[in-house]
Trainee: 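Quick one: structure below, then a few questions.
Read the numbers this way: they start at 1 and go in the same order the structure lists the ligands and their atoms.
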Amino acid sequence: QAKAAGRNTRRFFNPSMQARVLEHAEVANDIRKGMHNHEFVLYFQPQMGQSRQLIGAEALLRWNHPTRGLVAPGGFISVAEETGLILPLGQWVLESACAVLAQWAQSPKTAELSLAINISARQLVQVDFVDQVISALHHSGANAQRLKLELTESMLLNDVEDTIQKMHQLRVHGVTFSLDDFGTGYSSLSYLRQLPLDQLKIDQSFVQDLAEQANHTTIAQTIVTLAKGLDISVIAEGVETEAQCIALTNYGCEAYQGYLFGRPMPLEELVAMAAQ
Ligand code: C2E
Ligand code: MG
Ligand code: MG
Ligand code: MG
């Protein structure tokens with residue numbers, strides 16, 4: 001007990017820990033203020049099909065901070081998760097994405113595009129998660145079939161039965177599901193088959209050094225083969241070079257996302273790309 005108390009005491013008076021706690025609280029307050037002041041924006045990263053045509057985009061959150069500039073999720077998502085602020089933030093992302101889809105439906109240049117959004121574990125476990133998605137679709141008039149929800153392996157493990165049930169309920173409406181960062185989590189293959197998924201998304205770590213690392217080559221290739229075995233689609237993220245893209249094409253990968261085709265960009269730029 002003395003040991004535990006000692007540890008606690010040290011922790012309490014550790015100046016760097018205290019600084020972090022303060023910083024954490026500051027970031028949390030800042031996020032609240034930022035939501036109130038409409039500082040959050042969505043950026044859109046193009047997703048290309050096998051013949052490298054634009055097929056959709058992933059919406060990625062950015063924070064247009066008054067002093068920090070444009071902040072990527074790495075600078076605030078973990079605080080948002082820990083404080084629960086990811087719930088109102090995620091709700092805003094969902095509603096904004098649906099509004100964009102409804103807007104895209106107005107023009108033949110963009111009507112066929114899909115839009116993927118990232119869902120956090122804390123959103124998914126909400127009892128009314130399914131209702132939230134359906135009502136966002138309903139209020140915006142967006143086509144559910146164009147909305148893709150990205151989940152990660154780790155969040156599915158919380159309550160597999162509950163997750164599967166929610167996925168089924170949303171799929172009835174046409175919503176699709178992609179398993180993000182695939183290959184970095186703990187999915188067992190048998191349980192992967194139980195999940196009503198539409199797509200596996202190969203993690204960028206397996207794409208990054210495709211040309212150099214023989215074992216990573218095998219992983220990317222194995223994931224493509226796995227997706228085909230499950231009869232679902234597969235997309236690679238973090239595609240930066242022509243060599244990586246060619247290797248993926250040779251494996252039978254059907255879709256690509258990465259700097260080779262475009263960085264996350266403001267909505268107008270993605271729409272301009274679709275118009276070309
Ligand atoms: P993610 O969903 O795996 O998104 C892919 C990340 O890789 C993005 O980082 C993207 O900018 C980056 N990326 C894309 N192509 C390339 C490439 O060719 N090379 C390299 N090196 N990186 C590439 P970003 O935008 O910083 O987002 C980081 C993570 O934050 C996302 O990873 C996602 O997990 C999370 N996130 C983003 N937006 C949201 C959101 O609205 N809600 C939630 N819950 N999480 C979000
Ligand atoms: Mg993602
Ligand atoms: Mg990813
Ligand atoms: Mg990632």
Side-chain angles (χ1 to χ4, degrees), residues 31 34-35 39-48 56-65 68-100 114-126 129 132-133 136 147-156 176-185 197-211 220 223 234-245 247-248 253 255-267 269-270:
I31 294 174
M35 281 193 286
E39 290 165 8
F40 289 92
V41 288
L42 288 180
Y43 268 44
F44 298 82
Q45 187 174 34
Q47 296 184 331
M48 322 305 279
E58 177 177 7
L60 293 157
L61 199 51
R62 295 290 180 268
W63 186 2
N64 219 327
H65 193 278
R68 290 163 76 193
L70 196 66
V71 186
F76 62 89
I77 279 283
S78 63
V79 174
E81 295 266 2
E82 286 162 36
T83 53
L85 288 168
I86 193 68
L87 294 177
L89 210 46
Q91 180 69 26
W92 176 83
V93 170
L94 173 66
E95 284 167 8
S96 305
C98 287
V100 166
S114 67
L115 186 56
I117 60 173
N118 294 282
I119 300 296
S120 103
R122 293 193 68 157
Q123 286 176 278
L124 189 66
V125 299
Q126 297 279 289
F129 177 71
Q132 285 172 24
V133 176
L147 181 67
K148 185 164 271 147
L149 303 185
E150 294 195 0
L151 310 178
T152 57
E153 291 168 84
S154 55
M155 65 197 272
L156 300 178
T176 56
F177 289 90
S178 182
L179 197 49
D180 204 356
D181 306 333
F182 186 72
T184 61
L197 287 165
D198 301 275
Q199 185 178 69
L200 295 183
K201 194 165 193 182
I202 305 172
D203 188 71
Q204 55 188 69
S205 61
F206 305 124
V207 175
Q208 228 117 65
D209 36 22
L210 261 181
I223 295 172
V234 60
I235 184 168
E237 73 175 359
V239 183
E240 293 182 355
T241 69
E242 194 57 47
Q244 290 166 352
C245 194
L248 288 160
C253 184
Y256 320 96
Q257 179 182 339
Y259 295 167
L260 179 63
F261 302 105
R263 293 187 175 243
M265 57 185 80
L267 180 62
E269 285 181 38
L270 196 277

Trainee: Give the single entry among Gln257, Glu58, Gln204, Lys201 that approaches atom 6 (C) of ligand 1 most closely by any heavy atom.
Mentor: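 Going through Gln257, Glu58, Gln204, Lys201 one by one, Gln204 has the nearest heavy atom to atom 6 (C) of ligand 1.
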
Trainee: Among Val93, Asn118, Ile117, Leu42, which residue satisfies the side-chain contact (heavy atoms from CB on, under 4.5 Å) criterion with Leu60?
Mentor: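 Exactly one candidate clears the test, Asn118.
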
Trainee: Kindly write out the residues that satisfy side-chain hydrogen bond (donor to acceptor under 3.5 Å, both in side chains) with Asn64, not counting sequence neighbours, or none if the list is empty.
Mentor: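 Result, side-chain hydrogen bond (donor to acceptor under 3.5 Å, both in side chains) vs Asn64: none returned.
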
Trainee: Is ligand 1 less than 4.0 angstrom away from at least one heavy atom of Arg263?
Mentor: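 For ligand 1, residue contact (heavy atoms, under 4.0 Å) with Arg263 is absent.
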
Trainee: Under 4.0 Å from a heavy atom of Gln45: which atoms of ligand 1 are those, numbered in the order shown and with their elements?
Mentor: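 Under 4.0 Å from Gln45, ligand 1 has these atoms: 14 (C), 15 (N).
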
Trainee: Only heavy atoms count here, so choose which of Trp92, Tyr259, Phe261 is nearest to atom 23 (C) of ligand 1.
Mentor: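 Of the listed residues, Tyr259 has the closest heavy atom.
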
Trainee: When you measure from the side chain of Gln244 to the backbone N and O of Thr241, does any donor-acceptor pair fall under 3.5 Å?
Mentor: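 Checking the backbone N and O of Thr241 against the side chain of Gln244, a donor-acceptor pair under 3.5 Å is found.
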
Trainee: Under a 4.0 angstrom heavy-atom cut-off, which atoms of ligand 1 come close to Glu240?
Mentor: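 Contacts of ligand 1 toward Glu240, numbered from 1: 17 (C), 18 (O), 19 (N), 20 (C), 21 (N).
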
Trainee: Would you say Gly238 touches ligand 1, if touching means a heavy atom closer than 4.0 Å?
Mentor: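 Yes, Gly238 has a heavy atom closer than 4.0 Å to ligand 1.
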
Trainee: For Leu124 versus Phe129, what's the shortest heavy-atom pair and its separation?
Mentor: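 For Leu124 versus Phe129, the nearest heavy atoms are CD1-CE2, 3.7 Å.
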
Trainee: Would you call the rings of Phe40 and Trp63 parallel, tilted or perpendicular, taking 30° and 60° as the class edges?
Mentor: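 If you compare the ring of Phe40 with that of Trp63, the planes turn out parallel.
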
Trainee: Between Glu237 and Asp203, does a side chain to side chain contact (heavy atoms under 4.5 Å, CB included) hold up when you go through it step by step?
Mentor: CA-CA 6 Å; Glu237 73 175 359; Asp203 188 71; 3.3 Å; yes

Trainee: What atoms of ligand 1 come within less than 4.0 Å of a heavy atom belonging to Glu237?
Mentor: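 Under 4.0 Å from Glu237, ligand 1 has these atoms: 3 (O), 5 (C).
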
Trainee: Sequence neighbours excluded, which residues qualify as salt bridge (Lys or Arg N to Asp or Glu O under 4.0 Å) partners of Lys148?
Mentor: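 Checked Lys148 against salt bridge (Lys or Arg N to Asp or Glu O under 4.0 Å); zero matches.
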
Trainee: Which of the numbered atoms in ligand 1 are under 4.0 angstrom from any heavy atom belonging to Ser120?
Mentor: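 Taking each heavy atom of Ser120 in turn, ligand 1 has 44 (N) under 4.0 Å.
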
Trainee: Does any N or O atom in Glu81 lie less than 3.5 angstrom from one in ligand 1, N or O only?
Mentor: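 By distance alone, the answer is no.
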
Trainee: Any N/O of Leu60 closer than 3.5 Å to an N/O of ligand 1?
Mentor: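 No, since none of the N or O atoms of Leu60 sits under 3.5 Å from an N or O of ligand 1.
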
Trainee: Check each heavy atom of Val93 against ligand 1 and say whether those closer than 4.0 Å belong to the side chain, the backbone, both or neither.
Mentor: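 Side chain only.
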
Trainee: Can you tell which part of Ile77 has a heavy atom less than 4.0 Å from ligand 1: side chain, backbone, both or neither?
Mentor: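 The part of Ile77 near ligand 1 is the side chain, not the backbone.
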
Trainee: Between Glu153 and Gly183, what is the shortest heavy-atom contact and its length?
Mentor: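 Result for this residue pair: OE2-N, 3.2 Å.
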
Trainee: Glu150: which residues meet the salt bridge (Lys or Arg N to Asp or Glu O under 4.0 Å) condition with it, sequence neighbours left out?
Mentor: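 Only Lys201 meet the salt bridge (Lys or Arg N to Asp or Glu O under 4.0 Å) criterion with Glu150.
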
Trainee: At a 4.0 Å threshold, what atoms of ligand 1 neighbour a non-hydrogen atom of Gly258?
Mentor: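 Contacts of ligand 1 toward Gly258, numbered from 1: 15 (N), 18 (O).
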
Trainee: Hey, looking at atom 35 (C) of ligand 1, which of Gly262, Ala80, Pro73, Gly75 has the closest heavy atom?
Mentor: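 Shortest heavy-atom distance from atom 35 (C) of ligand 1: Pro73.
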
Trainee: So Leu147 and Ser114, do their side chains get closer than 4.5 Å, heavy atoms only?
Mentor: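 No, too far: nothing below the 4.5 Å cut-off.
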
Trainee: Would the distance check show the side chain of Arg68 and the main-chain N or O of Gly75 forming a donor-acceptor pair, the cut-off being under 3.5 Å?
Mentor: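 Confirmed, Arg68 side chain pairs with Gly75 backbone.
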
Trainee: So, 4.0 Å and heavy atoms of Gly74: is ligand 1 close enough to count as a contact?
Mentor: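 Per 4.0 Å heavy-atom rule, Gly74 does not contact ligand 1.
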
Trainee: Would you say Ser120's side chain and Arg122's backbone share a donor-acceptor pair under 3.5 angstrom?
Mentor: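 Yes, the answer is positive, given that a donor and an acceptor are paired below the 3.5 Å cut-off.
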
Trainee: Considering the heavy atoms of Asp181, write down every atom of ligand 1 situated less than 4.0 Å from one of them.
Mentor: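 Matching atoms, with element in brackets: 3 (O).
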
Trainee: If you leave out waters, which protein N, O or S atoms are less than 2.8 Å from the Mg ion (ligand 2)?
Mentor: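 Correct list: Glu58 OE2, Asn118 OD1, Glu150 OE1, Asp180 OD2.
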
Trainee: Would you give the length of the straight line joining atom CE of Met155 to atom CD1 of Ile119, rounded to the nearest 0.5 angstrom?
Mentor: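 Taking CE in Met155 and CD1 in Ile119, the distance rounds to 7.0 Å.
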
Trainee: Please check this pair: side chain of Asp198 against backbone of Phe177, looking for a donor-acceptor N/O pair closer than 3.5 Å.
Mentor: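 Indeed, once roles are kept as given, a pair shorter than 3.5 Å links the two residues.
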
Trainee: I'd like to check Thr152 versus Phe182 (side-chain heavy atoms, cut-off strictly below 4.5 Å). Are they in contact?
Mentor: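 Sidechains of Phe182 and Thr152: no contact.
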
Trainee: Below 4.0 angstrom from a heavy atom of Asp180, which ligand 1 atoms are there? Numbered from 1 as shown, please.
Mentor: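 Reading through ligand 1 atom by atom, the close ones are 1 (P), 2 (O), 3 (O).
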
Trainee: I'd like to check Gln257 versus Pro46 (side-chain heavy atoms, cut-off strictly below 4.5 Å). Are they in contact?
Mentor: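 No. Closest side-chain heavy atoms not under 4.5 Å.
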
Trainee: For Leu260, which part has a heavy atom under 4.0 Å from ligand 1: side chain, backbone, both, or neither?
Mentor: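 Contact part for Leu260 vs ligand 1: neither.
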
Trainee: Is there a heavy atom in Val239 that sits closer than 4.0 Å to ligand 1?
Mentor: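 Right, Val239 reaches ligand 1.
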
Trainee: At a non-hydrogen distance cut-off of under 4.0 Å, which region of Leu89 contacts ligand 1 (side chain, backbone, both, or neither)?
Mentor: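 The answer is neither.
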
